[in-house]
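What follows is a short report on a single structure.
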Amino acid sequence: MAKIQAIRGMNDILPADTPVWQYLEETVRKLVSSYGFSEIRMPTVEKTELFKRSIGEVTDIVEKEMYTFEDRNGDSLTLRPEGTAGCVRAAEEHGLLYNQIQRLWYTGPMFRHERPQKGRYRQFHQIGVEAFGMNGPDIDAEVICLTARLWEALGVADSVELQINSLGSAAARQTYREALIAYLSGYKDQLDEDSQRRLDSNPLRILDSKSAQTQEILNSAPDFQDFIDAESRQHFNELLSLLDAVGIKYKINPRLVRGLDYYGKTVFEWVTESLGSQGTVCAGGRYDGLVEQLGGKPTPAVGFAMGVERLVLLITTLARVPDYVNAFSDVYVIVAGANAGLPAYSLSITEVLRKALPGCRIVLNCGGGSLKSQMKKADKENAAYAVIIGDDEYSDKNVSVKSMRKDRLLPGGDMQMKIEKSALAGLLQSLLK
RNA sequence: GUGGACGUAGCUCAGUCGGUAGAGCUCAGGAUUGUGAUUCCUGCGGUCGAGGGUUCGAUCCCCUUCGUCCACCCCA
C-alpha cells in the first residue's frame with residue numbers, strides 16, 4: 001500500500017521546529033499589542049469574487065495561483081492567498097470601519113499554487129497588520145516603525161534592508177501606465193519575452209525586469225517622478241522625514257512595484273540577502289481605494305504582511321534564536337523499582353510538583369525501563385534535575401534529587417541528595433528560580 | 001507553468017562496470033544486577049521512491065510517474 005504523503009508544498013511543522021515558531025509568534029504578539037493593534041481572526045476560505053475584486057483580475061495570484069473549488073451549493077470558494085482582502089471584508093461586514101479608525105492584526109495560513117522552493121510554499125503563514133481610517137503619513141511611519149522594532153527584537157536588524165517607494169494616486173498611475181505603454185510599444189520586439197507579455201497585463205512590472213536589454217530600453221523611458229501627483233509626493237516626503245526622525249534607514253527604490261493591484265502611494269518591502277532567491281521578508285503599503293472597491297465607504301488604509309516561514313528561516317540560519325527557546329524539560333521524574341505502590345506514589349509526587357512549579361516542564365517517566373535507560377531519557381530531555389523514586393525512596397517516604405549538570409549543584413555542593421518528599425517542591429522551587 | 005540536480009535503514013550517506021546491500025548516528029539490551037552525557041560489545045531496523053521495459057537475473061541500463069531541493073516566473 002502506497003503511503004499517503006502531505007500535499008506538495010504543504011509542510012508539517014515538527015516538534016523540533018515549533019519552539020522557534022512560538023518564540024516568533026510570541027514576540028510579534030507582544031509588539032503589535034504595544035502599538036495598540038488588536039487581533040482579528042478570519043475564515044481561511046472566502047468567496048472567490050472577494051479576491052478577484054481586491055487583488056486584481058490580471059495579477060498572477062488570481063490568474064494562476066488560487067486554490068479555487070466549488071462549494072456543494074455551487075458557490076465558487078477560494079483558499080485565501082493573502083489576508084488583506086478577508087480582513088477588509090470582515091471589518092466592513094461588522095461595521096468596524098464605520099466612522100472610526102481600527103488597528104488590526106492577524107496570523108494564519110495562506111495558499112498559493114506555485115512551484116515550491118526555498119522560502120516559498122503552497123501553504124505558508126503570514127502575520128498581517130492593517131490600519132484603517134487614517135490617511136496621513138504618520139500612520140505609515142508608525143507601521144514601518146513597528147516592523148523595524150520587530151527586527152530589533154528578533155536580532156536581525158543588521159540583515160534586513162527597507163526599500164520604499166510611492167506609487168502615487170490611481171489617476172497618476174493610470175496616466176503613467178499609458179505613457180509607459182506608448183513608449184515601450186516602440187521597442188516591443190527588443191523586450192524580453194516576459195516583458196512583452198506584461199506590456200498588456202501589467203506594464204509597471206516591466207520596470208523591475210532582470211533583462212539587461214530591457215533595462216537599457218527603460219533608461220530612456222518616461223520617469224514616474226514626472227507623473228506623480230503633488231499630494232502623493234508630499235505624503236511620501238513627509239513619511240521619509242518621519243523615518244529620518246526616528247532613525248530608520250531606507251533605500252528609495254523607484255522600481256519597487258507591488259504585485260497586488262490595490263496598492264497606491266506608499267509601498268515598502270523589507271528584504272534580506274540571507275535567504276537566497278526569496279528575499280522579501282515583509283511587504284506592504286497603502287491601499288486607500290480597497291474598502292470602497294469592496295463596497296464600503298471610502299476609507300484610507302495601510303498595512304503589511306510578513307512571511308512566517310521566511311522569518312523562521314532567517315532567525316534560524318542567522319542563529320539568532322535565544323537558547324532558552326529550545327530548552328526542553330526542567331525536571332525528569334524517574335520511577336524504578338518493583339514495589340506495587342510506586343506508580344501511584346510517583347504520580348502523586350509529580351502532580352504536587354506541577355502545582356507548585358507552574359511554568360516548569362516536568363516529565364514523568366512512563367512505560368518503565370531500567371534506571372539506566374531512564375537516566376538516558378532524562379539526559380536527552382535536557383532536564384536540569386532528575387527526581388529518582390525507587391523502592392528505597394518508597395519505603396522511606398522520601399525522594400532522591402540528582403543534578404544533571406555540573407553548573408547546577410544542590411545545596412551543600414552535592415550532585416545528589418535524598419530528602420523528604422514534602423520538601424521536594426520547595427527545593428526545586430529555589431533551584432529553578 | 002519552465003529548467004537543472006537528486007530519491008538506498010527513522011536521520012546523514014557509501015555501494016554494486018547488472019548476480020536482491022553497508023557504515024555512522026538513533027533506538028533496545030549488556031560490560032557496570034539503583035545512576036545519564038565517554039568507551040567497548042550485541043541486537044532491532046531496507047519490498048534500494050512507485051510502475052513498466054530490456055535481461056536467465058535490475059537497486060544499478062531505458063521509459064514513465066510521483067516526490068524533494070534549487071533556480072526562473074511571481075511573491076510573504
Side-chain angles (χ1 to χ4, degrees), chain A residues 1-11 14 16 55 59-65 80-84 107-129 147 192-195 197-198 201-202 205 208-211 256-260 268-272 275-284 303-314 332 334-338 365 367-394 400-406 415-416 418:
Chain A
M1 257 258 276
K3 281 184 188 166
I4 296 174
Q5 294 179 298
I7 309 298
R8 163 188 279 237
M10 304 203 181
N11 301 120
L14 301 175
I55 297 169
T59 56
D60 276 22
I61 293 178
V62 170
E63 275 183 337
K64 47 193 193 198
E65 296 175 2
R80 62 181 180 192
E82 57 101 46
T84 302
T107 182
M110 309 292 164
F111 303 84
R112 292 184 199 171
H113 192 104
E114 301 180 273
R115 191 79 165 257
Q117 68 185 73
K118 184 173 186 168
R120 192 176 71 187
Y121 310 100
R122 289 185 173 178
Q123 173 173 332
F124 61 103
H125 297 76
Q126 285 189 336
I127 297 168
V129 168
T147 57
D192 60 282
E193 212 178 302
D194 285 320
S195 295
R197 186 169 45 79
R198 288 189 202 133
S201 59
N202 203 341
R205 288 225 64 110
D208 52 23
S209 162
K210 278 160 190 149
S211 153
L256 180 62
V257 181
R258 314 280 2 282
L260 291 76
F268 65 93
E269 224 170 86
W270 286 94
V271 296
T272 177
L275 293 184
S277 178
Q278 310 301 325
T280 302
V281 111
C282 168
F304 64 82
M306 300 182 281
V308 180
E309 279 81 357
R310 290 182 188 179
L311 288 175
V312 167
L313 212 51
L314 186 64
Y332 195 92
I334 288 171
V335 187
N365 188 85
S370 66
L371 177 62
K372 184 190 179 112
S373 70
Q374 294 189 43
M375 286 299 297
K376 280 188 180 174
K377 283 177 183 139
D379 188 47
K380 246 195 122 174
E381 280 275 342
N382 271 333
Y385 299 99
V387 170
I388 301 169
I389 304 172
D391 291 331
D392 296 349
E393 284 82 359
Y394 179 71
S400 293
V401 180
K402 174 168 182 170
S403 166
M404 298 297 285
R405 288 164 28 190
K406 290 204 172 75
M415 285 300 281
Q416 182 164 346
K418 228 177 215 190

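All heavy atoms count here, side chains included; hydrogens, waters and symmetry mates do not. Letters A, B, ... mirror the listed sequences (proteins, then strands); counts begin at 1.
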Original post:
Do A:N11 and A:Y121 meet the criterion of a side-chain donor-acceptor pair at a distance under 3.5 Å?
Top reply: no
Original post:
Is a donor-acceptor pair below 3.5 Å formed from side chain A:Q416 to base B:rU35, judging by atom type as modelled?
Top reply: yes
**OP:** Identify, between A:E269 and A:A6, the residue whose nearest nucleotide on RNA chain B lies closer to the 5' end.
**Re:** A:A6
Original post:
At under 4.0 Å between heavy atoms, what does A:A305 touch on the DNA or RNA strands: base, sugar-phosphate, or nothing?
Top reply: sugar-phosphate
Subject >> Candidate nucleotides B:rA28, B:rG34, B:rC75, ranked by approach to the side chain of A:L371 - the nearest >> reply: B:rG34
Original post:
Rounding to a whole Å, what distance do you find between A:F268:CZ and B:rC75:P?
Top reply: 16 Å
**OP:** Check the distance between B:rA76's P and A:H125's NE2 and give it to me in whole angstrom.
**Re:** 16 Å
Original post:
Phosphate oxygens OP1/OP2 of B:rG67: is one of them under 4.0 Å from a side-chain N or O of A:Q5?
Top reply: no
Original post:
Which one, B:rA76, B:rC73, B:rG34, comes nearest to the side chain of A:Q117?
Top reply: B:rC73
**OP:** Tell me which nucleotide among B:rG36, B:rC73, B:rA76 gets nearest to the side chain of A:D60.
**Re:** B:rC73
Original post:
So what does A:F111 touch, heavy atoms closer than 4.0 Å: a base, only the sugar-phosphate, or nothing?
Top reply: nothing
Subject >> Whole-Å P distance, B:rG22 and B:rU42 >> reply: 15 Å
Original post:
Looking at A:E82 and A:Q126, what are the two nearest heavy atoms and their distance?
Top reply: CA-OE1, 4.1 Å
Subject >> A:E114 with A:R120: basic N within carboxylate O range, under 4.0 Å >> reply: yes
Original post:
Taking the same atom, C1', in B:rG3 and in B:rA50, what whole-Å distance lies between them?
Top reply: 24 Å
Original post:
Choosing from B:rG67, B:rG29, B:rG36, which nucleotide comes nearest the side chain of A:K372?
Top reply: B:rG36
Original post:
Taking atom C1' of B:rU2 as reference, at what distance in whole Å does atom NZ of A:K64 sit?
Top reply: 11 Å
Original post:
Taking OP1 and OP2 of B:rU68, is either one under 4.0 Å from a side-chain nitrogen or oxygen of A:R8?
Top reply: yes
**OP:** Ignoring the backbone of A:E114, work out which of B:rA37, B:rA76, B:rG34 is nearest its side chain.
**Re:** B:rA76
Original post:
Which one is paired to B:rG7, where only Watson-Crick or G-U wobble pairs with both distances under 3.5 angstrom count?
Top reply: B:rC66
Original post:
Going by modelled atom types, is there a donor-acceptor pair between the base of B:rC75 and the side chain of A:R205 at under 3.5 Å?
Top reply: no
**OP:** Could you state the atom-to-atom distance from CD1 of A:I55 to P of B:rA76 in whole Å?
**Re:** 9 Å
Original post:
If only atom types and distance count, is the side chain of A:E309 paired as donor or acceptor with the main-chain N or O of A:H125 below 3.5 Å?
Top reply: yes
Original post:
Separation of A:L275 atom CG from B:rA76 atom C1', in whole Å?
Top reply: 11 Å
Original post:
P atom, B:rG53 versus B:rU59: distance in rounded Å?
Top reply: 13 Å
Original post:
How would you label the contact of A:E393 with the nucleic acid (heavy atoms, under 4.0 Å): base, sugar-phosphate, or nothing?
Top reply: base
Original post:
Under 4.0 Å between a side-chain N/O of A:K380 and OP1 or OP2 of B:rU26, yes or no?
Top reply: no
Original post:
Quantified in whole Å, what is the C1' atom distance between nucleotide B:rC73 and nucleotide B:rG1?
Top reply: 8 Å
**OP:** Quickly work out the A:M10 CE to B:rU68 C1' distance and round it to whole Å.
**Re:** 16 Å
**OP:** Just call it for A:G9: base, sugar-phosphate, or nothing, with non-hydrogen atoms closer than 4.0 Å on any strand.
**Re:** sugar-phosphate
Subject >> Any-strand Watson-Crick or G-U partner of B:rU47, both distances under 3.5 Å >> reply: none
Original post:
If the C1' atom of B:rU26 is compared with that of B:rU68, how far apart are they to the nearest Å?
Top reply: 23 Å
**OP:** Looking at every strand, decide which applies to A:G128 at a 4.0 Å heavy-atom threshold: base, sugar-phosphate, or nothing.
**Re:** nothing
**OP:** For B:rA14 and B:rC6, measure between their P atoms and round to the nearest Å.
**Re:** 11 Å
Original post:
With distance as the sole criterion, is a donor-acceptor pair present between the side chains of A:Q416 and A:S403 under 3.5 Å?
Top reply: no
Original post:
Contact class for A:S373 (heavy atom, under 4.0 Å): base, sugar-phosphate, or nothing?
Top reply: sugar-phosphate
**OP:** Could you check whether A:K402 gets within reach of a base, just the sugar-phosphate, or nothing at all, counting any heavy atom under 4.0 Å?
**Re:** base
Original post:
Roughly, in whole Å, what's the span from CD in A:Q374 to C1' in B:rG36?
Top reply: 12 Å
Original post:
Are side-chain N/O atoms of A:T147 and A:W270 paired as donor and acceptor at under 3.5 Å?
Top reply: yes
**OP:** Please name the pair of heavy atoms, one in A:A378 and one in A:M404, separated by the smallest distance, quoted to 0.1 Å.
**Re:** CB-CE, 4.0 Å
**OP:** Using the C1' atom as the reference point in each nucleotide, state the distance between B:rC48 and B:rA58 in Å, no decimals.
**Re:** 11 Å
Original post:
Any donor-acceptor pair under 3.5 Å between the side chain of A:E65 and the base of B:rG1?
Top reply: no
Original post:
When only distance counts, do a donor and an acceptor, one from the side chain of A:R115 and one from the base of B:rC69, lie under 3.5 Å apart?
Top reply: no
Subject >> Whole-angstrom distance between B:rG7 and B:rG43, as gauged at atom C1' >> reply: 29 Å
**OP:** Please determine, for B:rU2, whether a Watson-Crick or G-U wobble partner exists with both distances under 3.5 Å, and give it or none.
**Re:** B:rA71
Original post:
A:V281 near the nucleic acid: base, sugar-phosphate alone, or nothing, with a heavy-atom cut-off under 4.0 Å?
Top reply: sugar-phosphate
Subject >> Contact summary for A:T280 and A:V271, nearest pair of heavy atoms >> reply: OG1-CG1, 3.8 Å
Original post:
How would you label the contact of A:A378 with the nucleic acid (heavy atoms, under 4.0 Å): base, sugar-phosphate, or nothing?
Top reply: nothing
**OP:** Could you please name the partner base of B:rG19, counting Watson-Crick and G-U wobble pairs only when both distances are under 3.5 Å?
**Re:** B:rC56
